[in-house]
Amino acid sequence: MRVQLPLINTVHGRSALTCRFRCGDACFHPAPNTSSNPYVGDVIATALSRRSMLRAAAVVTVAAAAGTAGTVVTAPSAEAAAQQTTAKPKPKGKAARGLRFTPVAPNTADTVTVPAGYSQNVVVRWGEPILRGAPAFDPDRQTAAAQAGQFGYNNDFLALLPLPGERGRQILVANHEYTDEVLMFRGYDAAAPTREQVEVAWAAHGLSAVVVEENKKNGALTVVPRHHLNRRVTATTEFRLTGPAAGSDLLRTSADPTGRKVLGTLNNCSGGTTPWGTTLHGEENFNQYFANAGRATDKRYGIGTGASERKWERFDRRFDVAQEPNEVHRFGYVVELDPYDPSSAPRKHTALGRFKHEGATVRLTHDGRPVVYSGDDERFDYFYKFVGGKRMKHGSSRAVREHNLSLLDEGTLYVARLTGDSPALEIDGTGKLPADGEFDGGGEWIPLVTATAKGAVSHVEGMTADEVCVFTRLAGDKVGATKMDRPEDIEPNPHSGKVYVALTNNTNRGVGTNAPADEANPRNANKHGHILELTERWNRADSTKFAWTLFLVAGDPEDPATYFAGFPKDAVSPISCPDNVAFDPHGNLWISTDGNQLGSHDGLFGVATKGERRGELKQFLTVPTGAETCGPLVQDRRVLVAVQHPGEISGATVEKPASMWPDGPGKIVRPAVVAVWRKDGSDIGV
């Protein structure tokens with residue numbers, strides 16, 4: 001029989017505490033999208049091919065690093081046993097280059113568990129001083145002024161940029177998605193937060209840029225404090241609004257009658273780096289910070305009608321929609337930061353639309369124009385791409401940098417519509433294949449708005465260009481975009497050009513009156529998620545047509561409905577709830593998870609995307625109790641992860657911690673960035 005790992009107190013794969021502070025209990029509320037558009041389940045059910053299903057096999061123990069718990073084989077079902085007889089044999093020889101490590105077994109250890117032969121260090125923790133004059137971290141005497149000079153809370157997206165002229169140093173840029181006040185403040189009273197606590201939380205949100213230095217003797221990274229490029233961006237930093245909606249009546253407030261300036265950025269989740277040397281950051285669950293909404297447009301974005309969780313509206317009227325109805329329209333964008341100019345104002349790009357951006361990743365067209373992919377992380381919402389109208393320039397002069405910083409203000413924003421080719425009656429929500437046995441389909445990018453230097457034009461009937469940029473979800477509804485299962489990170493493979501879309505889960509699919517599975521998703525009550533592989537027509541980033549393939553259907557490999565790109569399922573690690581994705585130098589896809597529903601802690605996985613090893617998935621690490629794996633970054637000789645919200649378990653507080661990570665008993669639990677490297681100094685996984 002299978003040994004079940006202890007289940008953490010969760011709701012739909014996350015702790016109730018996570019739901020409360022990260023997304024404002026979004027899963028407890030009706031999905032904001034009530035349109036009748038096709039559901040992604042209408043498109044993927046074709047996607048489990050008959051041939052692929054015949055390769056299924058029961059899951060076996062994954063090789064474990066020393067000291068971790070493994071899973072034990074159960075007797076396969078009769079169907080699975082029959083499928084084993086025709087399963088594709090495991091290829092002989094070594095794993096794909098970049099994935100040659102002993103996989104970590106699923107476990108519930110309160111630590112970061114890495115493969116045998118690898119070492120790790122904590123690069124930077126919440127509260128570490130990074131700016132000149134910032135004091136040492138003292139959780140019992142924390143102030144807003146101190147936090148504004150210290151590394152922020154709940155690190156998510158990570159980027160490492162080169163630092164010319166400073167050998168062995170790079171610039172680390174991190175998102176700080178949200179704050180867990182009950183894990184930050186001793187004796188925190190959610191019903192009556194103090195002004196100081198609220199202002200500390202404002203300062204703990206946002207972004208950090210900090211120079212890090214490599215230890216010459218190993219792969220450890222350490223912070224270079226007080227470096228002139230170190231920077232904190234918070235919920236009160238001034239931003240520029242750019243693009244077609246900048247200056248619109250929809251963005252004007254009493255504090256900013258121009259509609260072109262806004263204070264702060266909130267709930268930055270994933271992001272991306274640009275070829276011109278900046279970083280992009282997606283404002284995701286911004287809705288939870290605002291109170292007393294009531295308009296239909298607010299409802300479509302999940303903005304509540306009562307008080308907010310953190311009660312910020314008590315201390316700044318801009319968070320009260322009843323008093324400042326347009327302030328909420330100034331959040332939900334892609335933010336661009338220039339890490340090489342700490343005096344520059346970050347930008348919010350309205351041309352890329354307003355929704356719950358999980359992130360934003362960039363590739364260039366054949367003639368050098370930027371294309372940005374982004375998912376709207378909500379049940380039944382959409383994914384998008386923006387095709388720029390201007391070419392990137394090369395060079396480092398001020399004129400070149402100013403030109404490149406304007407690239408995301410002109411172009412066309414599109415939303416995806418997927419199509420399938422099997423009758424709906426052939427899809428029953430269990431993963432049973434349709435008659436044609438296919439698992440691919442087609443799609444098109446539907447234009448929403450085009451911005452040029454001369455102005456902007458809406459492609460959506462009944463909506464102005466400003467309205468499309470500010471109410472992008474409603475524009476997607478109107479043009480019939482395909483509903484997806486929480487589209488999160490979307491990354492183009494720099495080797496092949498194929499685009500990978502992480503769809504984390506949707507336990508509401510097929511439940512009650514919600515849309516059932518059909519050609520876009522093989523399972524009702526989808527709690528494990530899946531990954532789509534999208535190929536632009538002619539592999540051109542600016543194409544308006546694409547093909548898609550179901551690359552991975554997550555879950556226990558013993559489940560006949562799971563799929564690993566055709567690779568034998570008795571030789572893969574179990575995975576649940578894919579979230580952020582990244583690529584290593586070899587073109588392998590690396591997947592971090594959020595809300596693992598298989599009873600073990602979240603982790604980081606690598607999977608081959610090509611060759612005879614395509615679909616071979618291997619777990620590289622796990623994170624501590626209550627934590628999520630974020631911001632994966634895979635270099636030749638180093639892997640970085642952001643360990644977000646460790647100890648975030650229902651009922652946990654500063655006084656009653658659920659985790660002792662990273663500093664051990666008696667110390668407050670702290671989100672942190674971790675670097676992992678091979679002890680022998682060789683490249684990762686070779």
Student: Could you pull out all residues at least two apart from Glu461 that satisfy salt bridge (charged side-chain N to carboxylate O under 4.0 Å, His left out)?
Tutor: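 Listed in chain order: nothing, the list is empty.
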Student: Take Val362 and Val371 through the side-chain contact (heavy atoms from CB on, under 4.5 Å) test and state the conclusion after the steps.
Tutor: CA-CA 5 Å; Val362 183; Val371 174; over 6 Å; no
Student: Please examine the side chains of Trp590 and Leu604, heavy atoms only from C-beta on, and report whether any two atoms are closer than 4.5 Å.
Tutor: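 A side-chain contact exists here, since the closest heavy-atom pair is under 4.5 Å.
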Student: Has Thr562 got a side-chain atom pairing as donor or acceptor with Ala554's backbone, closer than 3.5 angstrom?
Tutor: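 Not confirmed, Thr562 side chain does not pair with Ala554 backbone.
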Student: Would Asn588 and Phe583 satisfy side-chain contact (heavy atoms from CB on, under 4.5 Å), going step by step from the backbone distance to the final call?
Tutor: CA-CA 6 Å; Asn588 300 308; Phe583 289 93; over 6 Å; no
Student: Can you sort out the partners of Glu491 under salt bridge (charged side-chain N to carboxylate O under 4.0 Å, His left out), two or more places apart, ordered by chain and number?
Tutor: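 If we apply the salt bridge (charged side-chain N to carboxylate O under 4.0 Å, His left out) test to Glu491, skipping adjacent residues, there are no hits.
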Student: Looking only at heavy atoms, which two atoms of Ala360 and Val372 are closest? And how far apart?
Tutor: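 Closest approach of Ala360 to Val372, heavy atoms only: CB-CG1, 3.7 Å.
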Student: Does Tyr333 have its ring centroid less than 6.0 Å away from the ring centroid of His357?
Tutor: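 No - the distance between ring centres of Tyr333 and His357 does not fall below the 6.0 Å cut-off.
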Student: Taking atom CZ of Arg391 as the centre, does the number of heavy atoms from other residues, nucleotides or ligands within less than 6.0 Å exceed 12?
Tutor: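 Incorrect, the count does not exceed 12.
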Student: Quick check on Arg638: does its CZ atom have over 12 non-hydrogen neighbours (other residues, nucleotides or ligands) under 6.0 Å away?
Tutor: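 Result for CZ/Arg638: enclosed.
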Student: Are the side chains of Pro632 and Phe620 in contact, using a 4.5 Å heavy-atom criterion?
Tutor: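 No, every pair of side-chain atoms sits at 4.5 Å or beyond.
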Student: Could you list the residues that satisfy side-chain hydrogen bond (donor to acceptor under 3.5 Å, both in side chains) with Thr274, not counting sequence neighbours?
Tutor: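 Thr274 satisfies side-chain hydrogen bond (donor to acceptor under 3.5 Å, both in side chains) with Trp276, Thr278 only.
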Student: By the definition side chain to side chain contact (heavy atoms under 4.5 Å, CB included), identify the one residue from Thr265, Leu337, Leu207 that meets it with Pro346.
Tutor: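 Result for side chain to side chain contact (heavy atoms under 4.5 Å, CB included) with Pro346: Leu337.
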Student: Taking only residues two or more places apart in sequence, or in another chain, which ones meet Asp338 in a salt bridge (charged side-chain N to carboxylate O under 4.0 Å, His left out)?
Tutor: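 Here the qualifying residues are Arg401.
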Student: Identify, with sequence neighbours excluded, every residue that meets salt bridge (charged side-chain N to carboxylate O under 4.0 Å, His left out) alongside Glu616.
Tutor: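 Expected list: Arg613.
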Student: Residues in side-chain hydrogen bond (donor to acceptor under 3.5 Å, both in side chains) with Thr609, at least two apart?
Tutor: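 None.
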Student: Excluding sequence neighbours, so at least two apart, what forms side chain to side chain contact (heavy atoms under 4.5 Å, CB included) with Lys610?
Tutor: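 Lys610: no side chain to side chain contact (heavy atoms under 4.5 Å, CB included) contacts found.
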Student: Donor-acceptor check, side chain of Ser458 to backbone of Met463, threshold 3.5 angstrom: yes or no?
Tutor: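 Pair found, side chain donor or acceptor close to backbone of Met463.
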Student: Would you check if there is a donor-acceptor pair between the side chains of His459 and Thr450 at a distance under 3.5 Å?
Tutor: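 A donor-acceptor contact under 3.5 Å links the two side chains.
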Student: Donor-acceptor pair, Asn596 side chain versus Asp602 backbone, under 3.5 Å?
Tutor: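 Not at all, since once roles are kept as given, no pair shorter than 3.5 Å links the two residues.
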Student: Does the ring centre of Trp445 sit less than 6.0 Å away from the ring centre of Phe383?
Tutor: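 When the ring centroids of Phe383 and Trp445 are compared, they turn out to be within the sub-6.0 Å range.
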Student: Is a donor from one side chain sitting under 3.5 angstrom from an acceptor on the other, for Asn526 and Asn505?
Tutor: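 Absent: no donor and acceptor within the cut-off.
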Student: For Arg330, does its backbone N or O pair with a side-chain atom of Lys348 as donor and acceptor, under 3.5 Å?
Tutor: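 A pair under 3.5 Å: yes.
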Student: Take Phe605 and Lys618, measure what side-chain contact (heavy atoms from CB on, under 4.5 Å) needs, and give me the verdict at the end.
Tutor: CA-CA 5 Å; Phe605 303 74; Lys618 302 176 71 174; over 6 Å; no
Student: Is the distance between the ring centroids of Phe551 and Tyr563 less than 6.0 Å?
Tutor: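 That pair fails the under 6.0 Å test.
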Student: So, Thr535 and Lys498: side-chain donor and acceptor under 3.5 Å apart, yes or no?
Tutor: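 On atom types as modelled, these side chains qualify, holding a pair under 3.5 Å.
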Student: Just by distance, with hydrogens left out, do Asn267 and Lys356 show a side-chain donor and acceptor under 3.5 Å apart?
Tutor: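 Note: Asn267 and Lys356 side chains miss the donor-acceptor criterion.
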Student: When Val639 is tested against each of Asp584, Ile684, Leu633 for side chain to side chain contact (heavy atoms under 4.5 Å, CB included), which residue passes?
Tutor: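 Testing each of Asp584, Ile684, Leu633 against Val639, the sole residue satisfying side chain to side chain contact (heavy atoms under 4.5 Å, CB included) is Ile684.
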Student: Just wondering, are more than 12 heavy atoms of other shown residues or ligands nearer than 6.0 Å to NZ in Lys390?
Tutor: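 Correct, the count exceeds 12.
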Student: Evaluate side-chain contact (heavy atoms from CB on, under 4.5 Å) for Glu533 paired with Asn493, printing each intermediate quantity in order.
Tutor: CA-CA 10 Å; Glu533 182 182 71; Asn493 187 327; over 6 Å; no
Student: Of all the heavy-atom pairs spanning Pro275 and Met392, show the shortest one and how long it is.
Tutor: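 Heavy atoms only, the tightest pair is CB-SD, 3.6 Å.
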Student: Restricting to side chain to side chain contact (heavy atoms under 4.5 Å, CB included), what partner residues turn up for Ala642, sequence neighbours left out?
Tutor: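 Once residues adjacent in sequence are excluded, the partners of Ala642 under the side chain to side chain contact (heavy atoms under 4.5 Å, CB included) criterion are Asn155, Leu158, Cys630.
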Student: By side-chain hydrogen bond (donor to acceptor under 3.5 Å, both in side chains), which residues pair with Lys385, not counting sequence neighbours?
Tutor: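 Lys385 satisfies side-chain hydrogen bond (donor to acceptor under 3.5 Å, both in side chains) with Glu536 once adjacent residues are dropped.
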Student: Output all residues satisfying side chain to side chain contact (heavy atoms under 4.5 Å, CB included) with Ser397, sequence neighbours left out; order by chain, then residue number.
Tutor: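 Expected list: Ala399, Val400.
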Student: Let me know which of Thr507, Asn508, Asn506 forms a side-chain hydrogen bond (donor to acceptor under 3.5 Å, both in side chains) with Asp485.
Tutor: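 Going through Thr507, Asn508, Asn506 one by one, the side-chain hydrogen bond (donor to acceptor under 3.5 Å, both in side chains) with Asp485 is satisfied by Asn506 alone.
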Student: Pairing donors with acceptors under 3.5 angstrom, does anything connect the side chains of Thr242 and Asp409?
Tutor: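 The answer is yes; a qualifying pair exists.
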Student: For the residue pair Gln597 and Ser576, confirm or rule out a side-chain donor-acceptor distance under 3.5 Å.
Tutor: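 Absent: no donor and acceptor within the cut-off.
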Student: List for me each residue that meets side chain to side chain contact (heavy atoms under 4.5 Å, CB included) alongside Leu250, sequence neighbours excluded, and say none if there are none.
Tutor: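 Residues passing side chain to side chain contact (heavy atoms under 4.5 Å, CB included) with Leu250: Ser248, His329, Asp466, Glu467, Val470, Phe471.
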Student: May I ask you to test the Glu284-Asn268 pair for a side-chain heavy-atom distance under 4.5 Å?
Tutor: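 No, too far: nothing below the 4.5 Å cut-off.
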Student: Does any donor atom in the side chain of Asn175 or Asp156 lie under 3.5 Å from an acceptor atom in the other side chain?
Tutor: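 Side chains of Asn175 and Asp156: no pair found under 3.5 Å.
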Student: Could you work out, with side-chain hydrogen bond (donor to acceptor under 3.5 Å, both in side chains) as the rule, every residue matching Thr544, not counting sequence neighbours?
Tutor: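 Testing Thr544 for side-chain hydrogen bond (donor to acceptor under 3.5 Å, both in side chains), a comparison that skips the adjacent residues, returns none.
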